[in-house]
Protein chains: 2
Amino acid sequence: MMKKQLIMEQALELFAEQGIDATSVQQITDKCGISKGAFYLSFKSKDELILTVLDDFIKRFISDIDYVVNNREKENLLYEFYLSILNFFNEHSNFAKIFVKQQNFYISKEFIIKLEEYQQLFDRTVFKLVDRYYGDKVEDNKYDLAYCIQGFMKLYADLFFSMDIPVDMNRLCQSLVEKTDLIAAHTTIPVITKKISQLMNKPSCENYSKDEICTLIQQELQEMEESIEKDSLILLKEDLSNPKLSPALLNGLLENIRHHPQCKWISYLLRSYYAFEK
Amino acid sequence: MMKKQLIMEQALELFAEQGIDATSVQQITDKCGISKGAFYLSFKSKDELILTVLDDFIKRFISDIDYVVNNREKENLLYEFYLSILNFFNEHSNFAKIFVKQQNFYISKEFIIKLEEYQQLFDRTVFKLVDRYYGDKVEDNKYDLAYCIQGFMKLYADLFFSMDIPVDMNRLCQSLVEKTDLIAAHTTIPVITKKISQLMNKPSCENYSKDEICTLIQQELQEMEESIEKDSLILLKEDLSNPKLSPALLNGLLENIRHHPQCKWISYLLRSYYAFEK
DNA sequence: TTGACAATTGACTCAGTAGTCATTAGTATA
DNA sequence: TATACTAATGACTACTGAGTCAATTGTCAA
């Protein structure tokens with residue numbers, strides 16, 4: 001509902017400004033113009049709020065970037081990749097501030113695990129990028145390259161929020177592409193080898209199962225209003241348990257829902273699911 | 001005294017484990033096996049403790065790295081630079097954990113300013129490195145290169161503490177040198193230009209004056225025991241107000257004190273002072 | 001208009017924090 | 001041993017912030 005959204009927005013702003021731990025529930029409710037009690041009608045605890053806000057954005061982020069990596073033409077793929085990331089950070093700078101400097105606020109064990117899982121999903125996306133864009137041109141240094149790409153992304157994202165500096169986004173992305181190309185083409189001593197890469201991502205996280213995705217869609221449908229998106233989602237759900245539609249139709253349905261904030265994640269999961277099935 | 005050192009060490013451990021804000025004075029005193037009152041005999045406040053711990057390490061870090069940049073042969077300079085940094089992080093991994101991910105703990109305005117000043121001093125050291133190692137080979141991309149070097153340093157430092165992964169330090173440094181060389185030699189689109197670099201470091205921080213250094217030495221002398229280091233420091237102080245000694249003698253005295261933890265910073269300040277005078 | 005129900009409030013509890021200070025323990029000197 | 005002094009203690013104060021819940025306000029069908 002509306003109240004929940006309001007709280008999330010205002011909270012995010014305070015989180016980015018002062019840090020998560022330093023922001024009290026009282027401050028959030030004051031900023032929203034509601035009472036403390038009202039807050040606990042929308043969220044069970046402050047922890048749940050934090051988790052919901054971050055989870056929400058991370059899912060949107062991964063979904064968006066993964067879409068770009070899978071669907072843009074190969075020629076400009078790396079450029080488009082950097083551009084989408086930096087645009088996302090720019091548009092959601094409050095989130096980015098918290099996300100990029102994974103600051104040390106207290107978070108529960110379960111959320112740490114969740115974050116690690118997301119990190120792994122994003123790693124996969126970056127690997128896909130490297131495979132599509134560089135193909136056979138990189139081999140041994142593939143893992144090191146992926147690590148560097150994420151490093152560049154974070155390093156130059158700092159420019160937006162640590163300091164407010166006028167950035168020419170086009171030039172920035174071109175520069176990142178140039179740097180990445182250099183490292184891809186000439187690295188002879190990779191640090192992150194395949195072995196080390198595996199060590200880093202200990203618990204190999206599973207793909208979501210068909211049933212899990214169905215459940216998620218079911219939950220989502222209940223909160224949605226009548227729309228093209230909702231109808232598309234219903235069709236997608238039916239086709240999951242009883243496949244009939246052609247790839248083209250499926251793709252169209254996925255396209256329909258991918259801009260809907262709440263559907264982004266489902267769209268991402270489905271795309272991963274179908275890619276895996278093939 | 002001993003007690004103060006004990007508190008600083010135990011506190012740093014807890015800070016790295018749980019975060020600074022999440023660590024209470026009670027926890028620290030419990031870990032030290034002393035009472036809460038005893039803590040306040042050594043430090044005026046928790047803030048003072050935090051400040052002292054971080055300040056102490058940052059000074060040691062900058063002093064060490066700056067020494068390497070100024071005194072090692074040019075051939076292996078970049079390699080030695082990365083090696084010293086990563087060794088320092090490795091030896092003081094608790095400090096590094098806090099330092100590299102500049103986490104969002106509450107700190108006073110004055111300390112933020114202090115941190116920015118230190119950042120600037122370190123920037124200077126990196127510029128010196130670039131100048132000495134690459135000389136005229138880099139020009140336009142000098143500032144971008146320095147930014148990347150610091151990025152590489154932080155990115156790969158993560159390997160030590162985010163995850164505990166066996167790292168071949170020699171190979172790692174060679175790899176970083178290779179990457180840096182690539183970017184130095186072939187970058188045509190620098191992001192961080194001279195202009196942007198200046199924007200980033202708004203308040204140009206001054207060198208310490210002769211008098212300030214004298215005062216610092218005076219304070220230090222009172223806490224030191226009789227030793228070669230103390231005698232050297234006395235001689236250096238006399239020579240500051242009344243220069244007599246030859247460069248060779250001065251250099252020898254500076255060498256004498258540079259390994260003493262408490263003198264490192266003074267040694268750094270004096271070296272910067274003399275370099276500036278020339 | 002009434003009464004039943006839902007939404008909202010904010011004073012309150014409770015746990016945990018930084019910092020204080022009267023009291024005690026320990027030590028060195030005469 | 002008596003005395004003077006310092007070092008150390010931990011119960012205490014004052015305060016903050018998360019979460020609760022009895023009381024109040026708002027809504028709407030009858």
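All values below come from the heavy atoms of this structure, side chains included, with hydrogens, waters and symmetry mates left out. In what follows, every chain begins at residue 1, and chains take the letters A, B, ... in the order their sequences are listed.
A cation-pi arrangement, defined by a distance under 6.0 Å to the six-membered ring centre and an angle within 45 degrees of its axis, is absent between A:K210 and A:Y273. The cationic group of A:R60 does not satisfy the cation-pi geometry with A:F88, failing either the under 6.0 Å distance to the six-membered ring centre or the 45° limit from the ring axis.
Regarding A:F39, its CZ atom lies at a distance of 14 Å from the P atom of D:dG17, rounded to whole Å. We find that NZ of A:K36 is positioned 14 Å from P of D:dC21, with the value rounded to whole Å. Atom NZ in B:K4 sits roughly 16 Å away from atom C1' in D:dA7 (whole-Å rounding). As rounded to whole Å, 11 Å separates atom P of C:dA18 from atom CG of B:L49. Rounded to whole Å, atom C1' of D:dG19 lies 13 Å from atom CD1 of A:I28. Atom OH in A:Y40 sits roughly 18 Å away from atom P in C:dC12 (whole-Å rounding). In this structure, CD1 of A:I50 is placed 11 Å from C1' of D:dA18, rounded to the nearest angstrom. Across the protein-nucleic acid pair, A:L6 atom CG and C:dT8 atom C1' stand 15 Å apart, rounded to whole Å.
Between A:K3 and C:dT8, a side-chain N or O to OP1/OP2 separation shorter than 4.0 Å is present.
Checking D:dA18, D:dG10, C:dG19 against every side-chain atom of B:S35, the shortest atom distance belongs to D:dG10. When the nucleotides D:dG19, C:dG19, C:dT8 are ranked by their closest atom to the side chain of A:L41, C:dT8 comes out on top. Here C:dT17 is the nucleotide among C:dT17, C:dG10, D:dT20 with the atom lying nearest to any side-chain atom of B:S24.
A:T29 comes within 4.0 angstrom of no nucleic acid atom, judged by non-hydrogen atoms across all strands.
With DNA chain D read from its 5' end, the first of the two nearest nucleotides for A:Q27 and A:G37 is the one closest to A:Q27.
Comment: B:E255 engages B:R258 in a salt bridge, judged by a side-chain N to carboxylate O separation of less than 4.0 angstrom.
Relative ring orientation between B:W265 and B:Y118 is described as perpendicular, the plane-to-plane angle rising above 60° on a 0-90° scale split at 30° and 60°.
Side chain A:K46 to base D:dG19: no donor-acceptor pair is found below 3.5 Å.
When atom types are taken as modelled, the side chain of A:E9 and the backbone of A:L6 share no donor-acceptor pair closer than 3.5 angstrom.
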